[in-house]
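One structure below.
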Amino acid sequence: MIAFQQLEVRYGATVALRGVSLDLEPGVVGLLGPNGSGKSTLLKTLLGLLAPAAGTGSVLGVGLGSPDSTRLRARIGYMPEYDALIEDASAYEQVAFWGELSGLSPRQARDRSHEVLYFVGLDESRYRNVSGYSTGMRQRVKLAQALVHSPELVFLDEPTNGLDPDGRKRMLDLVLKVRAELDTSVVLASHLLQDVERVADQLVILDRGEVKASGSMAGLRRMLARRFELRFLDPLPPGDEAALAELGQVLEGRNGLYDVEFAVDDPAAAFRWARARGAVLVQLTPRHDRLDEVLIRALRSA
Ligand SMILES: Nc1ncnc2c1ncn2[C@@H]1O[C@H](COP(=O)(O)OP(=O)(O)OP(=O)(O)O)[C@@H](O)[C@H]1O
């Protein structure tokens, strides 16, 4: 769906993306990173709004920077981080207006405006001026704008910004609905792990303009499922401690207590390993590790 290699994007002397490469499948991609890590820059580059200083890539089969890339915008929806809503116009009017800007006929744009505002749950208030809308409603108008022209792919930049827990849940449910009911792929940029964790099936971690980790959420969860705490009856001699690496990566531990990410699928291998070395493994406990710990490790080791 999206692939690029060695993408570099600059704002004058500031390098915002430093040779990033990715290959993303259709689905919901979570683009996670702290403020300033380059998430918005990446989305704008993929939309063709920013020209990369170096690198190549394609979005929906269209090469970045190719003459077709302006036509590509008709196939992509974009929900920017900050809104540019017209205060004294209704949601219905501005979503229809956006539809026309995205290439729909006036008639189509009006029909689609009704449909997408219903989809985002704003059908009852669609004729009210947005000046009276709550932050959550404004975010949903932005989402409706991004969806009005039935794109194959939408980029959502921090869609839960400024929302309370209920509003966040509602927005994330909508993201899932976009994928499930509209069959539209989503790239969701966020600095909040909980948001990304709830909706994404692929994860990309950006930090200071570099990709620190990427992969499927299922793969990450498998990694989590392989983490165990091993308690031996006696402290292991240094040779055996080093040999624990045969089971997987020893994340921390000493004095007979170790935190290991198994390289093998079968945790019972730890008992066989201990028996072969004459050690007594008294406890093997799954570590219900949190995703954020794994991510922090990924960032540290990258
Ligand atoms: N228009 C600009 N001119 C100069 N530097 C910019 C501009 N936009 C972004 N930057 C810089 O590029 C880097 C990446 O910014 P970007 O906005 O892409 O990050 P982000 O991860 O989306 O963070 P945020 O969520 O805070 O927008 C930052 O160092 C930022 O200061």
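Counting starts at 1 for both ligands and their atoms, following the listed order.
Residues Asp173 and Lys177 are not paired through a salt bridge, judged by the lack of any N-O separation under 4.0 Å between the basic side chain and the carboxylate. With respect to the salt-bridge test (charged N to carboxylate O, under 4.0 angstrom), the residues Arg168 and Asp164 do not qualify. Look at Arg272 and Asp266 and you find a salt bridge, because one of the NZ, NE, NH1 or NH2 atoms lies within 4.0 Å of a carboxylate O, short of that distance. Residues Arg138 and Glu87 are paired through a salt bridge, judged by an N-O separation under 4.0 Å between the basic side chain and the carboxylate. Using a cut-off of 4.0 Å between Lys/Arg side-chain N and Asp/Glu carboxylate O, Lys142 and Asp83 are scored as not salt-bridged.
Here the protein heavy atom with the shortest distance to atom 23 (O) of ligand 1 is Gly36 N, 2.7 Å. For atom 15 (O) of ligand 1, the nearest non-hydrogen atom of the protein is Thr41 OG1, 3.8 Å. Here the heavy atom of the protein found nearest to atom 27 (O) of ligand 1 is Glu81 OE1, 3.2 Å. Nearest protein neighbour of atom 4 (C) of ligand 1, counting heavy atoms only, is Tyr11 CB, 3.3 Å.
Between Tyr78 and Phe155, the gap from one ring centroid to the other reaches at least 6.0 Å.
Each of the following atoms of ligand 1 lies closer than 4.0 Å to a heavy atom of Lys39: 18 (O), 19 (O), 20 (P), 21 (O), 22 (O), 23 (O), 25 (O).
Distance check on atom 18 (O) of ligand 1: some protein heavy atom falls below the 4.0 Å cut-off. Within a 4.0 Å radius of atom 30 (C) of ligand 1, the protein has no heavy atom.
Proximity of Glu158 to ligand 1, defined as any heavy-atom pair under 4.0 Å, is confined to the side chain (atoms from C-beta onward). Of the heavy atoms in Pro34, only backbone atoms (N, CA, C, O) come closer than 4.0 Å to ligand 1.
A side-chain donor-acceptor contact under 3.5 Å links Lys39 to the backbone of Gly33. Side-chain atoms of Ser66 come within 3.5 Å of backbone N or O of Gly63 as a donor-acceptor pair.
Using a 4.0 angstrom heavy-atom cutoff, Ser37 counts as in contact with ligand 1. Assignment of Gly209 to the shell around ligand 1 is not supported, since no heavy atom sits closer than 4.0 Å.
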